[in-house]
Protein chains: 2
Amino acid sequence: MSLVPPPESETELLSRARSMSGCSLGELAARLGENVPETLLRNKGWVGQLLERYLGATAGALAEPDFQAIAVELKTLPLSKRGLPLESTYVCTVPLEQGIGQTWESSWARGKLSRVLWVPLEADKTIPLAQRCIGSAFLWSPDENEEQQLRQDWEELMEMVCTGQLEKINARLGTAMQIRPKAANASVLGHAIGTEGERIVSNPKGFYLRTSFTRKILGQHYMLSEG
Amino acid sequence: MSLVPPPESETELLSRARSMSGCSLGELAARLGENVPETLLRNKGWVGQLLERYLGATAGALAEPDFQAIAVELKTLPLSKRGLPLESTYVCTVPLEQGIGQTWESSWARGKLSRVLWVPLEADKTIPLAQRCIGSAFLWSPDENEEQQLRQDWEELMEMVCTGQLEKINARLGTAMQIRPKAANASVLGHAIGTEGERIVSNPKGFYLRTSFTRKILGQHYMLSEG
DNA sequence: GAGGATCCATGCGTGGATCCTG
DNA sequence: CAGGATCCACGCATGGATCCTC
């Protein structure tokens, strides 16, 4: 499945990621012998999966970091034509029934976010997909402030999930991380906890990082790396 | 022309203004024996002029405060359905040829803004004009910070006007007050100063208070009057 | 043409909906 | 159905254009 062996260190991963800098998606696909779809409309995950293959990610659809051996998660960072993050970033599925007893420290969300390789990518829709350039990747871990923000959002939201207030949750809650629907469509249903503790049906939910949060991450990276 | 005598003190003006609170534009027009237009589309100044007549404003089209005797300017403050100022506020015409030698202290803009009666007004377009309610009017003068902001904007903008940089001016300049076109249409022309000091043609310009600035004014008024 | 202003087209932000792969 | 994400409709913001009266 992976044509490329997984990286054995962060340094190796970052080096391989940097070898994509300035490269277009068309070139990258060509290196892997793949075709570029005309549009992402019916293939929204294509870019992420292309990068996974190029970089030798291992986890596939598992609830594990993309690079298991070195515990690093891969995330693309779609940029507007002004160079700013354009979309929220999916983190992981919200445990609608298994959340009770979990803590931030033990949570899937914290595991995913503790070490991330961000790969900036041109995402302006006026640029044909094959011509969009890959930027300079960087490794990130939350600093103390970010960790506190994420923890607080996670704790407040999971408190609601676990106490039957799921239906009160909307994407306006959470300063850095929010909960949003996550499914093929609204007819996909799972189970959750109701007001009286009973099982109710609900559509699946995901944790997402707000665009404002990833903008800060990118901005701080520029500050640190340039001046 | 004025059915109503001009107020002789701020107290009298404010009292008369407060007698409109909660009143609809339809009711107010009825008190004056006037008809309400169906829409402001071809009568954008109607509300302001209705209020002038009801309150006994005297200046008409002069470059003078609306209430000359007590040196108070009248401004409507159109509010969105959430109760926030919705549009920028016209202050006065920009002196495109007569600006040299003027100072902020002697300026028309400062004269207009030194004492203002703000009249909040429902302005959501889904509410028929006659049904829009008038809010609780209040008197305002710029505090020290506001005065500094206005002065700085005025000085920076007039510097450009006087040094032939008029064409570099756009509505993005100025933190509290901006310069924008002010004419029946783009074919209306006046004179201004060119790069080399020569006379050039230009369309007329006005000073406007940004919506963000009048939002702060309203917010501070609520803070002071309620808690 | 100064004074009373709002209109409107365009762009940005974003919450909820949706799409494909393995 | 978890993981890879983007799409898109709608609301807000606002810069430049415009309208009437006197």
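Any value given below was found using the heavy atoms of this structure, including those in side chains, with hydrogens, waters and symmetry copies removed. Sequence lines set the chain letters: A, B, ... in the order given, protein chains first and strands last, and positions in each chain run from 1. Keep in mind the model is a prediction, meaning the values are calculated, not measured.
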For the pair [X] (side chain) and [Y] (backbone), establish whether a donor and an acceptor sit closer than 3.5 Å, ignoring hydrogens and angles.
X      : Y      : value
A/T39  : A/L41  : yes
B/D153 : B/A176 : yes
A/K182 : A/V94  : no

Check: Considering only heavy atoms, which members of residues 207-219 of chain A lie under 4.0 Å from some atom of DNA chain C?
Finding: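 Only A/R210, A/R215 qualify.
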
Notebook entry, point to check: Does any residue of residues 174-189 of chain B have a heavy atom under 4.0 Å from DNA chain C, and if so, which ones, in number order?
Noted result: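 Hits under 4.0 Å, by residue number: B/R180, B/K182, B/L189.
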
Checklist line | Stepwise side-chain contact (heavy atoms from CB on, under 4.5 Å) check, B/L150 with B/W104 | finding: CA-CA 9 Å; B/L150 293 168; B/W104 165 246; 3.7 Å; yes

Next item on the list: Kindly assign one of parallel, tilted or perpendicular to the pair A/F138 and A/H221, based on the angle between their ring planes and the thresholds 30° and 60°.
Entry: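 Parallel.
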
Note to self: Just N and O in the side chain of A/S88: are any of them under 4.0 Å from OP1 or OP2 of C/dG15?
What the structure shows: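 Answer no for this pair, as no side-chain N or O of A/S88 is under 4.0 Å from OP1 or OP2.
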
Item checked: Phosphate OP1/OP2 of D/dG3 contacted by A/Y90 side-chain N/O (<4.0 Å) ->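 For D/dG3, OP1 or OP2 has a side-chain N or O of A/Y90 closer than 4.0 Å.
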
Notebook entry, point to check: Heavy atom of residues 72-84 of chain A under 4.0 Å from DNA chain D: which residues?
Noted result: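 Hits under 4.0 Å, by residue number: A/E73, A/K75, A/T76, A/P78.
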
Next item on the list: Would you please say whether a donor-acceptor pair under 3.5 Å links the side chains of A/T89 and A/R210?
Entry: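 There is no such pair (donor and acceptor under 3.5 Å, judged by atom type) between the side chains of A/T89 and A/R210.
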
Nearest whole Å is fine: how far is [N] [atom2] from [X] [atom1]?
X      : N     : atom1 : atom2 : result
B/L86  : C/dA5 : CG    : P     : 14 Å
B/Q68  : C/dG3 : CD    : P     : 13 Å
B/H191 : C/dA2 : NE2   : P     : 13 Å
A/Q98  : D/dA2 : CD    : C1'   : 14 Å
A/D66  : D/dA2 : CG    : P     : 17 Å
A/E34  : D/dG4 : CD    : C1'   : 14 Å
A/L117 : D/dG4 : CG    : C1'   : 15 Å
A/E97  : D/dC1 : CD    : P     : 11 Å

Next item on the list: Between A/L41 and A/W108, just flag the one whose closest nucleotide in DNA chain D comes earlier from the 5' side.
Entry: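 Between the two, 5'-proximity favours A/W108.
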
Checklist line | Comparing A/G190 and A/L40 on DNA chain D - which has the more 5′ nearest nucleotide | finding: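 Upstream on the strand: A/G190.
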
Checklist line | Nucleotide nearest A/K44 when distance is taken to its side chain, options D/dG15, C/dG4, D/dT6 | finding: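 Looking only at heavy atoms from C-beta outward on A/K44, the closest nucleotide is D/dT6.
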
Item checked: Neighbour count >12 (heavy atoms, 6.0 Å) for atom CD, A/E38 ->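 No, the 6.0 Å shell around CD holds no more than 12 heavy atoms from other groups.
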
Notebook entry, point to check: Above 12 or not: heavy atoms from other molecules or residues under 6.0 Å from CD of A/E167?
Noted result: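 Counting other residues, nucleotides and ligands, CD of A/E167 stays at 12 neighbours or fewer.
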
Notebook entry, point to check: Is a donor-acceptor contact shorter than 3.5 angstrom present between the side chain of A/E87 and the base of D/dC7?
Noted result: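 For A/E87, whose side chain was compared with the base of D/dC7, there is a donor-acceptor pair (under 3.5 Å).
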
Next item on the list: Would you classify A/G48 as touching base, sugar-phosphate or nothing, given that sugar-phosphate means primed atoms plus P, OP1 and OP2, and contacts are heavy atoms under 4.0 Å?
Entry: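 Result for A/G48 = sugar-phosphate.
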
Margin query: Apply side-chain contact (heavy atoms from CB on, under 4.5 Å) to residues A/Q149 and A/Q152 and explain how you reach the verdict.
Written below: CA-CA 5 Å; A/Q149 269 195 301; A/Q152 185 177 332; 6.0 Å; no

Checklist line | Along DNA chain C (nearest heavy atom to each residue), the more 5'-positioned of B/C92 and A/I169 | finding: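 Counting from the 5' end, the first nearest nucleotide belongs to B/C92.
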
Note to self: By nearest heavy atom, map B/K125 and B/Q49 onto DNA chain C; which one lands nearer the 5' end?
What the structure shows: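 Nearer the 5' end of the strand: B/Q49.
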
Checklist line | A/E97 and A/R199 ion-paired at < 4.0 Å | finding: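 Yes, this pair counts.
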
Check: In terms of side-chain geometry, is the basic nitrogen of A/R53 or A/E34 positioned less than 4.0 Å from the acidic oxygen of its partner?
Finding: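 Salt bridge between A/R53 and A/E34, a charged N being under 4.0 Å from a carboxylate O: yes.
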
Note to self: For A/F213 and A/E146: C-alpha separation, side-chain torsions, deciding distance, then whether side-chain contact (heavy atoms from CB on, under 4.5 Å) applies.
What the structure shows: CA-CA 9 Å; A/F213 186 74; A/E146 291 162 342; 3.9 Å; yes

